[in-house]
Amino acid sequence: MDLADGLLDHPYDVYRRLRDSAPVHRITGPDGTPAWLVTRYDDVRDALADPRLSLDKRHATAGTYKGFSLPPALDANLLNMDPPDHTRVRRLVGRAFTPRRVQGLRAPIRRTADTLLDALGPHGSADLVAAYAAPLPITVICDLLGIPDQHRLDFRIWTDSLVAPDPARPEAGKEAVVAMLEYFTRLLRDKRAEPGDDLLSDLISVRDDGDRLSEDELMSLAFLILFAGYENAVQLIGNSVLALLSHPDQLAALRRDPGLLPGAVEEFARYEGPALLAIRRFPVEDVTIGGVTVPAGETVWVSPAAANRDPARFPDPDRLDLGRDAGGHLTLGHGIHYCLGAPLARAETEIALAALLDRFPDLALGDGELRWRRSLRARGLVALPVTY
C-alpha cells in the first residue's frame, strides 16, 4: 500500500506518516499522472517561494500533467503565471483591489450575514453550509465584481460543478466553463459601456505607465476572483464552525473573550484550511527538495495542510488552540504568490463567525454524518447540520 493511500479520508494521518518517513514522496496525482508530494513545513515554505518551481503549465514534461483544461480566455490568471507576467498583472490588480476596498466591504459583509441569519429564525435546525457558509461568500464576491443579484445562484452552481464534479454528469464541468465564459464576455462589455462602483469596472480602467490588462487577463481575473474567493471562503467558514463546535472548551473561551477572534481565524486556517494541496508547480531545472532531487518538468504538489500540522513548526499541532500564535501558517501561501485575497478571506471569516456566535448562544452540532468533499483542492463539508 502506498503511503499516500487514504489521503482524502484521513488526510492528517497520511500526512503524519509522510512527514516522518517520506516527506518528499512520489505519488499518483489527482489527474492520474505521477507527481511529488511535499509535506514538511520548511520544505513546503521554501518550495512556495522557489522561483525554479514554475506555475506555468508549459514547463510540464510532455505527456505528464493533465490537470483541468480551461480556454485561453480563462487560463491567463495569476495561478498560471511566473514573473515577469505575474509581477505585471499583480501590480495592476493591486491598484484596484486595495486594502481600502476590502475595509469598505466589512459593513456590507455584516449586513449580509445578519440577513442570512434572520432567515434562519430564532431557533431550529439547518444545514449551515447551504444556509450561511455558501451564500455569504458568493454575495460578497458578486458585490465586489458588480454581478447582478439574479445571476448569483448560477455562479454557485457553476463553481460547485468545477470543484466537486458529479460523477453522474462528467460533462457538467465543461458546461460550467462555457457558461462562465459567455457570461463574463457579456459582463465586461456591459461594464465598459456603463462602469460601476465595483472591482471589475476598476480593473477595466486601471493603468500603470500606460500598461493595462488585456481582455483575456480581465476575463481570467474575474474567473479567478469568483472561483477562488467563493470556494475558499465557503470551506474556511464551514471548517471554522465545525472546529469550534467540536471543541467546546475553545468555543467557551471565544465566547468569554471575543477579542480572541482575529487570532482564532489564523488558528482555524492553520488547523483545517480550505485545501489539502496548493496549486501544482513544475521545476524549470532539476531541483532538490528535502534531500530528494525532482527532475525538471515533473509535477510538484506542496501541501500547506501538511505543513501546518508539522510539530517541528507548531507544537502539538493536532490540537485546536485559539490562544496559539498561528502566524506563519501557509494556508494563504508564501512568497510572491501569497493570496491576493487574503485580507478579504480573513474579514469574511471573522465577521461570519462573530455574527453567528452573537446570534445563537446555544449553537451546536446537529444529527447526521459529517461528509467531506471528495476533493484535494477543496477541503470542506458537503453539509454542516446544526441546531440553534
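These numbers come from a predicted model, not from an experiment. Positions are given from 1, in the same order as the sequence printed here. Side chains are part of it too, since the values below use all heavy atoms of this structure and drop only hydrogens, waters and symmetry mates.
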Chemist: Are any of the side-chain nitrogens in D118 or R359 under 4.0 Å away from the carboxylate oxygens of its partner?
Modeler: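 Yes.
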Chemist: Side-chain heavy atoms nearer than 4.5 Å, only ILVMFWY residues, links allowed to pass through others: does that put L365 and L120 together?
Modeler: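 Yes, same cluster.
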Chemist: Mind checking whether I351 and F268 sit in one hydrophobic cluster, side chains of I, L, V, M, F, W, Y counted as touching below 4.5 Å?
Modeler: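 Yes; F268 is reachable from I351 via cluster members.
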Chemist: More than 12 foreign heavy atoms under 6.0 Å from CG of D197: is that the case here?
Modeler: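 At most 12 heavy atoms, drawn from other residues, nucleotides or ligands, come within 6.0 Å of this atom.
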Chemist: Is it true that L188 and M180 fall in one hydrophobic cluster, defined by side-chain heavy atoms closer than 4.5 Å?
Modeler: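 Yes, one cluster joins them.
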Chemist: Nearest 0.5 Å please: distance from the CG atom of L78 over to the CD1 atom of I279.
Modeler: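 The CD1 atom of I279 is 11.5 Å from CG of L78, to the nearest 0.5 Å.
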Chemist: Do the side chains of D211 and R95 get close enough for a salt bridge, i.e. N-O under 4.0 angstrom?
Modeler: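 No, D211 and R95 are not salt-bridged.
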Chemist: Give a yes or no on whether R58 atom CZ has more than 12 heavy-atom contacts from other residues, nucleotides or ligands under 6.0 Å away.
Modeler: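 12 or below, so no.
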Chemist: Quick one: list whatever passes side chain to side chain contact (heavy atoms under 4.5 Å, CB included) with L236, sequence neighbours left out.
Modeler: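 Result, side chain to side chain contact (heavy atoms under 4.5 Å, CB included) vs L236: S240, A269, T349.
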Chemist: Does R270 count as lying over the ring of F314, i.e. NZ or CZ under 6.0 Å from the six-ring centre, within 45 degrees of the axis?
Modeler: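 Yes, a cation-pi geometry.
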Chemist: Taking the inter-plane angle between the rings of W158 and Y183 on a 0 to 90° scale, is it parallel (under 30°), tilted (30 to 60°) or perpendicular (over 60°)?
Modeler: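 If you compare the ring of W158 with that of Y183, the planes turn out tilted.
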Chemist: Tell me, do F97 and L344 make a side-chain contact under 4.5 Å, heavy atoms counted?
Modeler: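 A side-chain contact exists here, since the closest heavy-atom pair is under 4.5 Å.
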Chemist: Kindly work out whether a path of hydrophobic side-chain contacts (I/L/V/M/F/W/Y, heavy atoms less than 4.5 Å apart) joins L363 to L353.
Modeler: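 Per the 4.5 Å side-chain linkage, L363 and L353 are co-clustered.
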Chemist: Less than 3.5 Å apart, any donor N or O on the side chain of D286 or T293 sitting next to an acceptor on the other?
Modeler: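 Checked: D286/T293 side chains show no N/O donor-acceptor pair below 3.5 Å.
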Chemist: As a quick check of understanding, evaluate side chain to side chain contact (heavy atoms under 4.5 Å, CB included) for R324 and H329, giving each step before the final call.
Modeler: CA-CA 11 Å; R324 182 198 304 271; H329 71 76; over 6 Å; no
Chemist: Once the angle between the rings of Y271 and H247 is folded into 0 to 90°, is it parallel (under 30°), tilted (30 to 60°) or perpendicular (over 60°)?
Modeler: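 Ring orientation of Y271 relative to H247: perpendicular.
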Chemist: Can you tell me which residue pairs pass the salt bridge (charged side-chain N to carboxylate O under 4.0 Å, His left out) test with a partner in residues 299-314, sequence neighbours excluded?
Modeler: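 Only R309-D318 qualify under salt bridge (charged side-chain N to carboxylate O under 4.0 Å, His left out).
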Chemist: Are W301 and W36 joined in one hydrophobic group, where the rule is that I, L, V, M, F, W and Y side chains link up if heavy atoms are under 4.5 Å apart?
Modeler: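 No; tracing contacts between hydrophobic side chains, which count when under 4.5 Å, never links both residues.
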